[in-house]
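Have a look at the structure below, then the notes.
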There are 2 protein chains.
Amino acid sequence: MPPAQRHPTMADVAERAGVSTSTVSRTLRGLSTVSPEVRARVEKAARELNFAVSRQAASLVTGRTGTVAVLVPTLDSWFMGSALSSLAPLLRAAGLQLNVYEVPDLAERTAFFEHLPARRNADALLVFSFDLTDEETARLDDLGMPVIYVSRQVAGRPSVYVDDVAGALHGTRHLLNLGHRRIAFVQTAGASGFSFSSDERLLGYQQALTEAGVPLDDALVVSTRAGDKRAAAEVLGTLLSLREPPTAVFAEQDELAVALIWNMRRTQIAVPERVSVLGYDDQPLADWFDLSTVAQSPSDMGREAGELALKLIDDSGADHERHVVLPTYVIPRATTAPVARPRDEGERHTGGEGTLGRAPS
Amino acid sequence: MPPAQRHPTMADVAERAGVSTSTVSRTLRGLSTVSPEVRARVEKAARELNFAVSRQAASLVTGRTGTVAVLVPTLDSWFMGSALSSLAPLLRAAGLQLNVYEVPDLAERTAFFEHLPARRNADALLVFSFDLTDEETARLDDLGMPVIYVSRQVAGRPSVYVDDVAGALHGTRHLLNLGHRRIAFVQTAGASGFSFSSDERLLGYQQALTEAGVPLDDALVVSTRAGDKRAAAEVLGTLLSLREPPTAVFAEQDELAVALIWNMRRTQIAVPERVSVLGYDDQPLADWFDLSTVAQSPSDMGREAGELALKLIDDSGADHERHVVLPTYVIPRATTAPVARPRDEGERHTGGEGTLGRAPS
DNA sequence: ATGAAAGCGCTAACAA
DNA sequence: TTGTTAGCGCTTTCAT
């Protein structure tokens with residue numbers, strides 16, 4: 001390990017190339033007002049010295065940090081991994097760095113909004129999935145940089161999100177179209193700081209039922225913790241012990257749906273013959289479980305949000321209220337099928353139709 | 001949206017508090033040489049002005065950026081999500097920012113090593129999971145900051161990793177102890193830029209067989225693409241059509257193991273009765289599939305790497321060759337069981353013992 | 001097309 | 001305990 005030798009500065013490059021630092025600066029930023037020969041000399045010197053511009057020094061004078069910050073509830077989730085993975089190359093291509101603020105709990109959240117460490121240290125902030133208070137939003141408003149809300153709709157601020165009402169509406173319609181009338185909706189309780197669009201999804205579910213003339217039944221709307229097999233077993237028991245149990249379950253997250261299916265397999269409840277299960281998200285887990293689901297694309301969100309950020313950084317006159325609404329898609333796989341004939345649950349009168357949802361993929 | 005009003009500077013705070021900028025600086029950095037009354041005045045002024053120190057300006061003089069950079073092949077993986085998720089709070093607590101360089105393909109990789117954008121923009125670099133060339137390692141050596149290698153052992157440089165030879169050794173022993181003698185090993189081919197310790201794991205597998213007196217058979221070592229169901233079906237076919245097919249399969253990644261199980265379920269090959277399957281990683285997917293596996297902890301790696309980084313940043317005299325080796329654990333779940341009696345595959349002569357691996361969890 | 005000089009917002013001697 | 005001063009390494013007028 002070489003002892004931390006000082007980094008070469010522009011002055012070093014300038015000296016070696018026999019020019020002034022101004023010329024070095026102009027060359028390295030690609031300004032056209034440099035003669036080809038001088039440019040060549042400078043670039044050679046810079047390469048030989050392994051010179052890299054100090055963003056610190058540059059940003060001190062330009063007022064730009066060359067950094068985009070993201071505020072995320074966690075990094076350990078399919079959603080964030082996918083979203084950041086499409087955001088990162090986009091920023092890289094624009095010569096921007098990516099700064100991550102992970103705020104997994106209330107203490108960190110409070111600290112973040114109190115000190116706003118991103119202030120002066122980024123050119124834009126992308127806020128993912130948080131359900132902010134008005135006060136928090138107001139704090140971000142005077143952060144002095146464009147703030148883009150992702151996976152979250154915030155009135156009057158640039159936002160990128162999917163239409164969860166429509167997503168849940170279509171998902172529920174899919175079940176209705178299969179003949180289901182007793183459709184349960186399973187919500188997430190106490191998510192790990194993550195804010196799902198739980199209310200919107202419930203609303204879409206209710207809208208679909210209403211438009212189909214199916215009465216809403218509060219007993220069919222339950223909530224549980226995500227990724228908890230035991231908790232899923234409990235809600236499953238609750239639902240299946242209703243006087244009129246559901247023939248289909250719509251879980252507002254794939255993880256929830258999979259936890260239900262896991263329990264059903266264990267207890268010999270046939271999916272989808274006895275109960276259809278529909279998820280929401282289309283994360284990789286859904287594919288492994290052949291789960292029918294409502295797909296959203298976090299990578300599209302990351303990309304759209306990144307592009308919006310770049311636009312807002314460049315054009316301070318750009319449209320600061322722009323909303324980008326991304327679509328959802330119902331992906332039928334093997335866990336949704338036509339409802340079994342009522343009062344005939346053991347038998348399959350509908351034959352081929354009954355296994356339609358399990359067609360070889 | 002308020003027009004990007006200029007950020008207040010220390011001079012503004014100083015004026016408002018009626019002191020010099022030096023005093024403001026000292027106060028805000030928590031130096032003890034400030035009288036309580038003055039400190040109070042300064043803090044009040046800073047709060048009222050919503051002042052935040054410009055790291056750019058500070059680092060220009062201190063030579064420290066207050067940032068730790070991570071170089072990762074992708075952000076969209078269980079491993080990285082988990083590792084960064086434990087790294088982030090640690091850095092936050094130390095007042096450091098987290099800068100992410102995602103290098104998903106060769107082009108980006110080349111660009112990264114050519115320009116080393118982290119130079120001068122971080123106080124330390126954590127390199128995750130890359131199988132670097134000597135030249136690349138050499139480039140990082142003169143980056144002018146501590147470089148810590150994570151999930152990768154690099155001679156003479158600080159590294160944090162698990163002992164994959166031992167992990168695979170123990171995993172294979174688990175299968176041997178269950179009576180298996182025909183044990184296949186499935187490798188990953190052409191991973192998505194990610195470098196697994198494939199060779200080490202294979203070595204551990206071979207060591208275990210050798211120490212048990214089981215001859216190595218090249219036909220039992222196959223490779224396929226991860227997360228590809230179709231490709232998994234092919235290697236499964238290859239293995240099962242051997243003259244002496246394996247009774248157990250050790251996949252070097254959980255995803256691979258799950259893909260095999262998925263195909264076996266589809267084709268009515270009983271797991272673990274007919275074939276035992278063992279994975280490696282213990283990612284969440286393993287739990288969902290009740291997969292027996294060899295566990296490693298990326299979150300421990302993230303934490304250890306972070307702590308090592310902090311140490312190396314502070315103590316430039318610290319041990320720069322320190323290696324932290326983390327343990328692996330065999331986690332038996334429901335996909336490994338004692339081998340069925342040879343030539344008796346249809347029957348279960350071993351009764352209770354045969355279903356040991358599926359005991360209710 | 002190039003250079004000289006000023007200054008971005010801080011911190012770190014050094015004085016007082 | 002506090003203030004004064006001199007830069008840190010760049011970019012940006014303004015000259016030339």
Side-chain angles (χ1 to χ4, degrees), chain A residues 4-43 45-46 49-67 95 97 117 119-123 144, chain B residues 4-43 45-46 49-67 95 97 117 119-123 144:
Chain A
Q5 79 267 329
R6 238 186 71 280
H7 294 291
T9 72
M10 268 195 183
D12 299 324
V13 178
E15 187 187 346
R16 184 173 249 259
V19 295
S20 71
T21 59
S22 314
T23 301
V24 174
S25 174
R26 284 191 273 256
T27 304
L28 266 30
R29 280 178 298 147
L31 300 196
S32 53
T33 60
V34 181
S35 73
E37 20 186 359
V38 170
R39 166 176 299 278
R41 279 218 314 282
V42 170
E43 281 171 345
L49 290 175
N50 249 321
F51 173 75
V53 172
S54 161
R55 283 177 188 253
Q56 336 293 330
S59 71
L60 196 54
V61 32
T62 60
R64 287 205 175 178
T65 63
T67 296
Q97 315 236 9
R119 188 193 293 278
R120 267 139 138 336
N121 294 299
D123 298 337
Chain B
Q5 80 269 330
R6 238 186 71 279
H7 294 291
T9 72
M10 268 195 184
D12 298 323
V13 179
E15 186 187 348
R16 184 174 250 258
V19 295
S20 72
T21 60
S22 315
T23 301
V24 174
S25 174
R26 285 190 275 254
T27 304
L28 266 31
R29 279 178 298 149
L31 300 196
S32 53
T33 61
V34 180
S35 72
E37 18 185 1
V38 171
R39 168 176 297 277
R41 279 218 313 282
V42 170
E43 281 172 346
L49 290 174
N50 249 321
F51 174 76
V53 172
S54 161
R55 283 176 188 252
Q56 335 294 331
S59 72
L60 195 54
V61 31
T62 61
R64 287 203 174 181
T65 62
T67 296
Q97 316 237 9
R119 188 192 294 279
R120 273 143 128 335
N121 294 300
D123 298 336

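Residue numbering restarts at 1 for every chain, and letters A, B, ... go by the order of the sequence lines. As the structure is a prediction and not an experimental result, all values here were calculated from the model.
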Heavy-atom pair of closest approach, residues [X] and [Y]:
X	Y	answer
B/Leu28	B/Val53	CD2-CG2, 4.2 Å
A/Ala11	A/Thr21	CA-CG2, 3.8 Å
A/Asn50	A/Pro8	O-CG, 4.2 Å

Given side chains that start at C-beta, do those of [X] and [Y] come closer than 4.5 Å, heavy atoms only?
X	Y	value
B/Thr9	A/Arg120	yes
A/Thr67	A/Asn121	no
B/Glu43	B/Thr27	yes
B/Met10	B/Phe51	yes

Tabulate protein N/O versus nucleotide N/O from nucleotides 9-12 of chain C, keeping only pairs under 3.5 Å, one per line.
{"residue": "C/dG9", "atom": "N2", "partner": "B/Ala57", "partner atom": "O", "Å": "3.2"}
{"residue": "C/dC10", "atom": "OP1", "partner": "A/Arg120", "partner atom": "NH2", "Å": "2.9"}
{"residue": "C/dC10", "atom": "OP2", "partner": "B/Met10", "partner atom": "N", "Å": "2.8"}
{"residue": "C/dT11", "atom": "OP2", "partner": "B/Ser25", "partner atom": "OG", "Å": "2.5"}
{"residue": "C/dA12", "atom": "OP2", "partner": "B/Arg29", "partner atom": "NH1", "Å": "2.6"}
{"residue": "C/dA12", "atom": "N6", "partner": "B/Ser22", "partner atom": "OG", "Å": "3.0"}

- Query: What do the steps show when you test A/Arg26 against A/Thr23 for side-chain contact (heavy atoms from CB on, under 4.5 Å), and what is the final call?
  - Reply: CA-CA 5 Å; A/Arg26 284 191 273 256; A/Thr23 301; 4.2 Å; yes

- DNA chain D: 5'-most and 3'-most nucleotides touching chain B, 4.0 angstrom heavy-atom criterion: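 So the outermost contacting nucleotides come out as D/dT1 to D/dC10.
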
- Message: Applying a 4.0 Å non-hydrogen cut-off, can you work out what A/Ser35 is touching in the nucleic acid: base, sugar-phosphate, or nothing?
- Response: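 Touches sugar-phosphate only.
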
